Visitor: 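One structure follows; several queries about it will come next.
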Amino acid sequence: MTGDKPSHNSAARNGGSGSAGRLEIDAPVVADGPALYRITRDSGVLDVNSSYSYLLWCRDFAQTSAVARVDGEVVGFVTGFIRPDASDTIVVWQIAVDASQRGGGVAGKLLSHLLDRVVPRGVRYLETTITPDNTASIKLFSALARDRGAELVSSELFTAELFPDAHLGEDLYRIGPFAAAPAAAGGA
């Protein structure tokens, strides 16, 4: 069910250089779509999808995505989906943090939150694509693999020649397997 009001069930102290409010991370709601579009557009580096696609993403892929909020305002997001032909794999489509919050670990917290939500549902691997010049993303996903004790394998996926516009190639980063969530203690 999608709604207009976000629910906040994960909170951490804000480590960003901007607002001193609390950082809260949860699944997106449809009303977050415009903020995802704005953050992507303002990043200056991400491929900007249509504003309509961000609304759909917040509706149809909310369970495999997350937003970070400070004082109720969206300051970052990660969008993902379960691969149709690999139900144990989440694909991270985009991750972005507002300029006011960069450098405070928000992106890593978003990824950790997302994995904490999907691993209990059987996800064992994360895939994403990164252009070879995007050192920040390479460092982010390398740190995620290290922190989760998982293997990271990278390989060429889409060469620059495949893109009809001026676009660098995209390398595939596959991380995993992630340990299955431990069974609840006690019996029924």
Side-chain angles (χ1 to χ4, degrees), residues 25 27-28 32-33 35-68 74 76-99 101-103 105-119 121-178:
I25 300 175
D32 294 330
L36 274 61
Y37 176 85
R38 177 192 54 79
I39 292 169
T40 303
R41 181 199 63 210
D42 293 352
S43 76
V45 296
L46 289 174
D47 292 336
V48 181
N49 300 297
S50 71
S51 57
Y52 177 75
S53 71
Y54 291 99
L55 294 173
L56 280 176
W57 206 281
C58 290
R59 184 190 79 165
D60 294 343
F61 298 101
Q63 295 307 307
T64 53
S65 300
V67 292
V74 176
F77 71 89
V78 57
T79 54
F81 62 91
I82 302 298
R83 276 189 60 186
D85 61 345
S87 63
D88 67 345
T89 303
I90 187 165
V91 176
V92 169
W93 180 264
Q94 287 186 316
I95 185 164
V97 176
D98 186 83
Q101 301 297 313
R102 289 189 196 136
V106 174
K109 291 172 186 170
L110 280 162
L111 286 173
S112 287
H113 172 89
L114 182 60
L115 283 176
D116 289 345
R117 282 180 28 219
V118 298
V119 166
R121 294 174 30 203
V123 168
R124 302 281 316 273
Y125 296 92
L126 179 149
E127 291 183 349
T128 194
T129 63
I130 306 173
T131 57
D133 66 338
N134 190 338
T135 56
S137 286
I138 293 168
K139 287 179 184 178
L140 173 66
F141 285 95
S142 296
L144 176 72
R146 181 192 66 237
D147 294 348
R148 293 279 175 151
E151 181 181 13
L152 183 150
V153 176
S154 65
S155 59
E156 185 177 67
L157 183 62
F158 301 125
T159 63
E161 295 78 28
L162 291 172
F163 291 94
D165 54 358
H167 195 293
L168 293 175
E170 293 273 352
D171 293 333
L172 176 67
Y173 283 74
R174 182 169 168 87
I175 303 171
F178 301 110

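Quick note: residue numbers are just sequence positions, from 1. Small disclaimer: the values here were computed from a predicted structure and weren't measured.
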Visitor: Is there side-chain contact between Y54 and D32, with heavy atoms separated by less than 4.5 Å?
Guide: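 A side-chain contact is absent here, since even the closest heavy-atom pair is not under 4.5 Å.
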Visitor: Mind checking the OG1-CZ spacing from T40 to F77? Nearest 0.5 Å is all I need.
Guide: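 One finds 3.0 Å between OG1 of T40 and CZ of F77.
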Visitor: Of all heavy-atom pairs between C58 and A62, which one has the smallest distance, and what is that distance?
Guide: O-CB, 3.3 Å
Visitor: Among N134, T129, D133, T135, which residue satisfies the side-chain hydrogen bond (donor to acceptor under 3.5 Å, both in side chains) criterion with T131?
Guide: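 Exactly one pass, corresponding to D133.
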Visitor: Describe, in one word, how the ring planes of W93 and F81 are oriented to each other, choosing from parallel (under 30°), tilted (30 to 60°) and perpendicular (over 60°).
Guide: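 Plane angle between 30° and 60°, so tilted.
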Visitor: Please examine the side chains of V78 and L111, heavy atoms only from C-beta on, and report whether any two atoms are closer than 4.5 Å.
Guide: yes
Visitor: Can you tell if the side chain of I39 reaches within under 4.5 Å of the side chain of V74, non-hydrogen atoms only?
Guide: yes
Visitor: Looking at residues at least two apart in the chain, or sitting in another chain, which of them share a salt bridge (Lys or Arg N to Asp or Glu O under 4.0 Å) with D116?
Guide: R148
Visitor: Could you check whether Y125 and D88, counting side-chain N and O atoms only, form a donor-acceptor pair closer than 3.5 Å?
Guide: no
Visitor: Grab the two heavy atoms, one from R117 and one from R121, that are nearest each other, plus how far apart they are.
Guide: O-CD, 3.8 Å
Visitor: Run the side-chain contact (heavy atoms from CB on, under 4.5 Å) test on L55 and Y37 for me, step by step, so that the C-alpha distance in whole Å, both residues' side-chain angles and the decisive distance to 0.1 Å come before the verdict.
Guide: CA-CA 9 Å; L55 294 173; Y37 176 85; over 6 Å; no
Visitor: How long is the straight-line distance from CZ of R41 back to OG of S51, given to the nearest 0.5 Å?
Guide: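 Result: 10.5 Å between the selected atoms.
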Visitor: Would you say V97 and V106 make side-chain contact, with heavy atoms under 4.5 Å?
Guide: yes
Visitor: Less than 4.5 Å apart, any side-chain heavy atom of V123 and any of I82?
Guide: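 Heavy-atom side-chain distance check passes, below 4.5 Å.
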Visitor: Are L115 and L144 packed together at the side-chain level, in the sense that at least one heavy-atom pair is separated by less than 4.5 angstrom?
Guide: yes
Visitor: Please step through side-chain contact (heavy atoms from CB on, under 4.5 Å) for the pair R174 and L126, ending with a clear verdict.
Guide: CA-CA 6 Å; R174 182 169 168 87; L126 179 149; over 6 Å; no
Visitor: Would the distance check show the side chain of T64 and the main-chain N or O of G80 forming a donor-acceptor pair, the cut-off being under 3.5 Å?
Guide: yes
Visitor: In Å, rounded to the nearest 0.5 Å, how long is the span from CG of L56 to CZ of R59?
Guide: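 Answer for the CG-CZ pair, L56 versus R59, is 6.0 Å.
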Visitor: Without swapping roles, check the side chain of T79 against the backbone of Q94 for a donor-acceptor pair under 3.5 Å.
Guide: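 Yes.
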Visitor: Just one of V92, L140, I95 clears the side chain to side chain contact (heavy atoms under 4.5 Å, CB included) bar with T128, so which one?
Guide: V92
Visitor: Quick one: side chains of residues 151-166, donor-acceptor pairs under 3.5 Å with protein atoms, not counting sequence neighbours, listed by atom name and distance.
Guide:
residue	atom	partner	partner atom	Å
T159	OG1	E161	OE1	3.2

Visitor: Would you find a donor on one side and an acceptor on the other, under 3.5 Å apart, between the side chain of S112 and the backbone of G108?
Guide: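 Such a contact is found between S112 side chain and G108 backbone.
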Visitor: Measuring from atom CD1 of I90 to atom CD of Q63, what distance do you get when rounded to the nearest 0.5 angstrom?
Guide: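 Separation between the atoms: 10.5 Å.
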Visitor: Does a side-chain heavy-atom distance below 4.5 Å link L46 with S43?
Guide: yes
Visitor: Hey, what do you get for OG (S142) to CD1 (I130), rounding to the nearest 0.5 Å?
Guide: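 Interatomic distance, S142 OG to I130 CD1, rounded to 0.5 Å: 7.0 Å.
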Visitor: So which heavy atom on S65 is nearest to which on L114, and how close?
Guide: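 S65 and L114 have their closest heavy atoms at N-CD1, 3.7 Å.
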Visitor: Sequence neighbours left out, what passes salt bridge (Lys or Arg N to Asp or Glu O under 4.0 Å) with R83? Give chain and number order.
Guide: D85, E127
